[in-house]
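Here's the structure we're looking at; comments come further down.
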Amino acid sequence: MSVTEKPLLSVRDLKKHFPIKGGILGRTQGMVQAVDGVSFDVAPGETLGIVGESGCGKSTTAKLLIGLTERDEGDIALNDKTLGRDMNLRALRRDIQMVFQDSYASLNPRMTILDSVAFGARVQGLDDPMGRARRLMDRVGLSADRFAHRYPHELSGGQRQRVNIARALAMFPKVVVLDEAVSALDKSVEAQVLNLLADLRAELGLTYIFISHDLNVVRYISDRILVMYLGEVVEIAPVDQIWADQAHPYTRSLFSAMPSMDPDNRTEKPPLAGDPPNPIDPPSGCRFHTRCPLAAPVCKSRHPVLAPRVQGSAHWVACHLHDANSGHPEAGKGIPA
Amino acid sequence: MSQTETAIPAQAHRGYWSAVLSRLRRDPVAMACLAVLALLVLSAIFAPWLGLADPYKGSMIARLKPIGTPGYPLGTDEQGRDMLARLIYGGRLTLFIGLMPVVLAFFIGGALGVVAGYVGGVTNTIIMRVVDVFFAFPSVLLAIAISGALGAGVLNSLVSLTIVFIPPVTRVAEAVTSGVRQLDYIDAARSSGASALTVIRVHVIGNVASPVFVYATSLTSVCMILAAGLSFLGIGVRPPEPEWGLMLNTLRSAIYVNPWLAALPGVMIFATSLCLNLLSDGLRSAMNVRD
């Protein structure tokens, strides 16, 4: 979108609505609009951070990317090859891999570490899966000689997450989706794993999609940040820009919810009241208008489009405040501090 | 470093099943049960070569002789047939119709349950609702109904008992599979591009087999008792075939005359099902790599 060079991964209008079955005959009673029209590009070697509160569709987006959940609409293109048209799911899965949050649940308890790491390479028919797995284990900091024949329960959380990273890398993917991959680790281990991820990215030329609710972690590892709200992208911008100036009122409240390190600068009032609205029946117009402190009548009636803040900017936002022609009384002035 | 290097587990290079076997070998209770079961099975198989009396030949004079009578180490039954020979020969039929239906149900029901649990959706609904129909009947009633419709005989008992035990095994397998299906390692395996069959073979079966197997072994005692019940009603094994359940029933009337003798077939059934249960317990803990 705002990437000038040719994107490696390109997602257009991704949609996933989960039906809610109920009643005597199990009829569909409604649709959870988990992901509703998400589009973004990721450049090769870039790390895109995806943030948002729980239930906003971050993980569903991740699962759609790798085809674990079937998408209803939209295109996923990798290297100009569109899934379903120029390439099949199996080919996509060789190039996109995923690391899950729960390091224990994502390893087969009855399989040795080495077998788990080698499984993908074996399935894809790559040569020497075992040797490959051993080298990768060494690379992620787990001596293959010591750990190869252990079972997941014999490892610590950090070690298991290293195994999961090795497993994801066993097919030499281009893109790795990290879905809350470090969230369950304690802080010191989290830092080690983050540094490992950064090293691997540099060494193997990986592209990451890093999903997290921890803004500081996202800032550390990401080049750009994508903010989601109720299944939609509300803002996408390079880390420095969004850190300096959040254009969307939702992003602003998300950032102000971050605990401050400065005792004199405590968060006094709740940045955002209430729960997110029901995604089964999302609000009309801008989905955030029910909780937005700056909402105007137009926000209720018209859906804002994701567009660059100013012409040619890498900072995109979906908010009437930034569209001079939107009809919002404060339009064009930006958000008041 | 050298210290931690030596901390590699001793079973480092062994596979999963050999690790299970070595753990089972260290369990004295399970090994004792295995020995008893092996004795029962081997004596049943090699019964004709053990130099026993004819299990069908009765004697009107030597009826209901107590245990320890010279010439009849375990006494005689109500028709004067040698109890030792009948108990050992009886093991052939009893173990066969006590174990085979469960073995068959384990494979058929297990496969159905794994497919239903893994595929989900309409497939799951079809398989599980059909299973529920069978489940609606008490197992005894269902066994009697099917055996009654098919007629008496060993093979028909086998068929009816298999049908009786498929639904519970399917249910357990389905429940365990859909639990496993939710776990991230299945997602991880799928996302590495493996086909559904590969995922089931490599990741699902290993994690589903042991709970289903343990459940199935616990059904064998029920199965033996059901088979005995069918024989009693005359729609299972027919006299004069020696079969523990049938013997228990025909000796029922002798319980006031010679209670120890009448209890013998029951002792055999009890010992066999106890050993099966204890062995399945041992297997379950041996299959649990975690402890």
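Naming convention: chains lettered A, B, ... in sequence-line order (proteins, then strands); numbering from 1 in each chain.
- If you tally non-hydrogen atom pairs under 4.5 Å between each of A/Asp102, A/Val123, A/Leu68 and chain B, the highest count goes to A/Leu68.
- Using a 4.5 Å cut-off between heavy atoms, B/Val180 does not touch chain A at all.
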Please list every donor-acceptor pair under 3.5 Å in which a side-chain atom of residues 158-166 of chain B meets a protein atom from a residue at least two apart or in another chain.
| residue | atom | partner | partner atom | Å |
| --- | --- | --- | --- | --- |
| B/Ser160 | OG | B/Ser147 | OG | 2.8 |
| B/Ser160 | OG | B/Ser157 | O | 3.1 |
| B/Thr162 | OG1 | B/Leu158 | O | 2.6 |

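- Counting heavy atoms from C-beta outward, B/Pro168 and B/Tyr215 have side chains that approach closer than 4.5 Å.
- For the pair A/Leu169 and A/Leu206, the minimum side-chain heavy-atom distance is below 4.5 Å.
- Every residue was checked against the side-chain hydrogen bond (donor to acceptor under 3.5 Å, both in side chains) condition with A/Gln101, not counting sequence neighbours, and none meets it.
- For chain A, the option among B/Ala188, B/Ser191, B/Gly193, B/Ala194 with the highest count of heavy-atom pairs below 4.5 Å is B/Ser191.
- Contacts of A/Arg122 with chain B are absent, with no heavy-atom separation under 4.5 Å from either backbone or side chain.
- Per-residue heavy-atom pair counts under 4.5 Å with chain B were compared for A/Met98, A/Arg94, A/Gln97, and the maximum is reached by A/Gln97.
- Classified by interplanar angle (parallel below 30°, tilted 30° to 60°, perpendicular above 60°), the ring pair B/Tyr185/B/His203 is tilted.
- Contacts between residues 57-64 of chain A and chain B, defined by a heavy-atom separation under 4.5 Å, are made by A/Lys63.
- For the pair A/Lys16 and A/Asp72, the salt-bridge criterion is met [side-chain N within less than 4.0 Å of a carboxylate O].
- Applying the salt bridge (charged side-chain N to carboxylate O under 4.0 Å, His left out) rule to pairs touching residues 108-135 of chain B yields B/Arg129-B/Asp132, B/Asp132-B/Arg171, sequence neighbours excluded.
- Between B/Gln182 and B/Asp187, every side-chain heavy-atom pair lies at or beyond the 4.5 Å cut-off.
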